[in-house]
Amino acid sequence: MAVRTFLNRNVSDLCVGKPALKPLSAAATVSEALALLNKSSEPHVSVWSCDHSKNVVEDECEYRCVGKICMVDVICFLCKNENSDNPSKALETSVSQILPKGNLIVRHLAPNSSLLEAIDYILEGTQNLVIPVQNYIGGKSRKTQSKSSSLSCKHRDGVEYCWLTQEDVVRFLLNFIGVFSPITISSIESLNIIDCNVMTIRYHEPAMSALDSLTLAHVEQTSVAVVDDLDRLIGEISPSTLAYCYETAAAAVMTLSAGDLLAYIDCGGPPEDLVDLVKVILQEKKLGALLELMDEELSLSSSSSCSVSSCSFDDELGVCRNNGSGRYSSARRAEAITCYSNSSLVAVMIQALAHRASSVWVMHEDNTLIGCVTFKGILKVFRSLANARPITR
């Protein structure tokens with residue numbers, strides 16, 4: 001009963017302290033999305049579309065969040081053959097054209113919806129739940145309006161929105177983990193949440209050969225495992241790491257091996273020798289336009305990007321810390337986070353949250369890969385505790 005009562009609480013309880021979304025119009029270009037991403041401290045920007053089906057004047061039309069865009073979307077988009085020859089033209093494409101199709105990645109949810117309902121949406125494939133928020137001063141509601149430079153989406157009635165991620169929900173559950181004892185100390189193997197259908201690439205294979213897998217991993221909130229010839233885990237190509245790179249990482253994906261790409265994106269700051277290697281290969285492939293884009297970006301970010309010599313590493317958390325203002329300063333290291341099949345559920349939750357990793361790799365004792373545990377798999381356990389009967393208010 002305690003579990004059912006807990007999961008029946010309002011999802012708005014999770015929104016306390018969440019920042020209001022900075023909206024981007026679906027009519028904006030990829031280039032405009034990049035400008036907003038580079039100004040934002042968040043890896044994603046929400047994309048909004050006006051709903052003209054409402055019987056209201058144009059200035060009051062209702063906007064809805066139709067998706068989100070991050071650097072991973074841009075990198076995968078630029079890696080396509082039709083875009084690599086002329087990346088400048090590709091960047092003028094509407095962001096609505098590169099949002100994942102047929103996936104309810106983002107969904108609106110009322111603030112009085114239950115936590116259980118939020119979990120159900122996540123298990124259906126939702127990554128971000130969009131929830132309206134209001135500020136209260138002296139017991140009175142104060143309506144606010146979201147702004148985003150020249151690309152401001154005017155929400156109807158001036159209501160602001162925040163969103164909740166899978167990580168937010170798992171972190172909230174961990175804060176009240178005692179409610180769910182003793183199942184949380186059970187092994188992940190006994191709970192049957194190890195996904196053995198993982199995506200891998202050999203260390204020496206071209207990173208470009210994993211482009212489709214990387215795109216799928218981005219949608220499924222997991223990563224692509226980089227393994228040796230004995231299926232031992234070397235590292236991972238993680239969308240959560242690529243999200244803090246610059247768009248020129250597309251050139252690295254197109255030219256480097258999977259192993260070299262790990263070094264390129266680790267801590268976000270590419271080593272100079274790999275940058276030179278990427279440039280040489282771009283010249284050999286006659287991708288001069290992409291090379292020009294890379295030179296322009298590197299010249300703009302050289303003062304703020306993270307290099308191995310200027311970074312300090314927190315080995316416990318697996319992150320790079322520096323005083324720069326570039327995107328790389330918040331990047332998670334490319335080192336894979338691992339556990340064993342007999343690891344407890346709560347231990348894996350703590351690992352994932354501490355490292356800001358959306359998935360944890362499950363290993364044999366000899367370091368060969370078994371599978372992975374994702375936030376989605378973890379939430380299935382908590383959902384099962386509520387039984388199949390719906391919770392009523």
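The first residue of the sequence shown is numbered 1, and numbering continues consecutively from there.
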Is the shortest distance from a Lys or Arg side-chain nitrogen in K22 or E42 to a carboxylate oxygen in the other one below 4.0 Å? no
Contact check, side chains of L21 and E160, non-hydrogen atoms, under 4.5 Å: no
Quick check on L123: does its CG atom have over 12 non-hydrogen neighbours (other residues, nucleotides or ligands) under 6.0 Å away? yes
Do you know which of H44, K68, R64 makes side-chain contact (heavy atoms from CB on, under 4.5 Å) with V106? K68
Do D260 and L274 come close enough that some side-chain heavy atom pair is under 4.5 Å? yes
Within the structure provided, determine whether N128 and L164 are in side-chain contact (heavy-atom separation under 4.5 Å). no
Short N-O contact, R202 and D231, less than 4.0 angstrom: yes
Would you compute the distance between atom NZ of K279 and atom CE of M294 and round it to the nearest 0.5 angstrom? 6.0 Å
For the residue pair S187 and S343, establish whether any side-chain heavy-atom pair is separated by less than 4.5 Å. no
Among side-chain atoms of S238 and S240, is any donor-acceptor pair under 3.5 angstrom? yes
Nearest-0.5 Å distance, CD1 of residue I237 to OG1 of residue T200: 10.5 Å
Between D85 and K286, does at least one N-O distance fall below 4.0 Å, as a salt bridge requires? no
Over 12 foreign heavy atoms within 6.0 Å of NE2, H204: no
Contact check, side chains of M71 and Y244, non-hydrogen atoms, under 4.5 Å: no
Check whether more than 12 heavy atoms from other residues, nucleotides or ligands sit under 6.0 Å from atom NZ of K18, and answer yes or no. yes
Could you check if a side-chain atom of V47 sits within less than 4.5 angstrom of a side-chain atom of S96, using non-hydrogen atoms only? no
Residue D273 excluded, over 12 heavy atoms near CG under 6.0 Å: yes
Other residues, nucleotides and ligands only: do more than 12 of their heavy atoms fall within 6.0 Å of OH on Y203? no
Separation of N83 CG from S88 OG (nearest 0.5 Å): 11.5 Å
To the nearest 0.5 angstrom, please state how far the CG atom of L256 sits from the OH atom of Y264. 7.5 Å
How long is the gap from CD1 on I350 to OG on S344, to the nearest 0.5 Å? 7.5 Å
Would you say S384's side chain and V381's backbone share a donor-acceptor pair under 3.5 angstrom? yes
L173 side chain reached by F180 side chain, heavy atoms, under 4.5 Å: yes
Can you tell me how far apart OG1 (T222) and NE2 (H218) are? Round to the nearest 0.5 Å. 13.0 Å
Would you say that S341 contacts I194 through its side chain, given a criterion of any heavy-atom pair below 4.5 Å between the two side chains? yes
No-hydrogen, no-angle side-chain donor-acceptor test under 3.5 Å, Q221 and Q127: yes
Is it true that S46 and W48 share a donor-acceptor pair across their side chains at a distance under 3.5 Å? yes
Checking the side chain of S213 only, and the main-chain atoms of V224 only, is there a donor and an acceptor separated by less than 3.5 Å? no
For residues 360-373, which side-chain donor-acceptor pairs fall under 3.5 Å, sequence neighbours excluded?
from	atom 1	to	atom 2	distance (Å)
W361	NE1	E236	OE1	2.7
D366	OD1	T368	N	3.1
D366	OD1	T368	OG1	2.6
N367	ND2	L233	O	3.3

Only one of V346, T338, I337 forms a side-chain contact (heavy atoms from CB on, under 4.5 Å) with Q351, so which one is it? I337
So does E82 have more than 12 non-hydrogen atoms from other groups sitting under 6.0 Å from CD? yes
Examine R9 relative to F176 and say whether NZ or CZ is less than 6.0 Å from the centre of the six-membered ring and inside a 45° cone about the ring axis. yes
Classify the side-chain pair D212/T215 by whether it contains a donor and acceptor separated by less than 3.5 Å. no
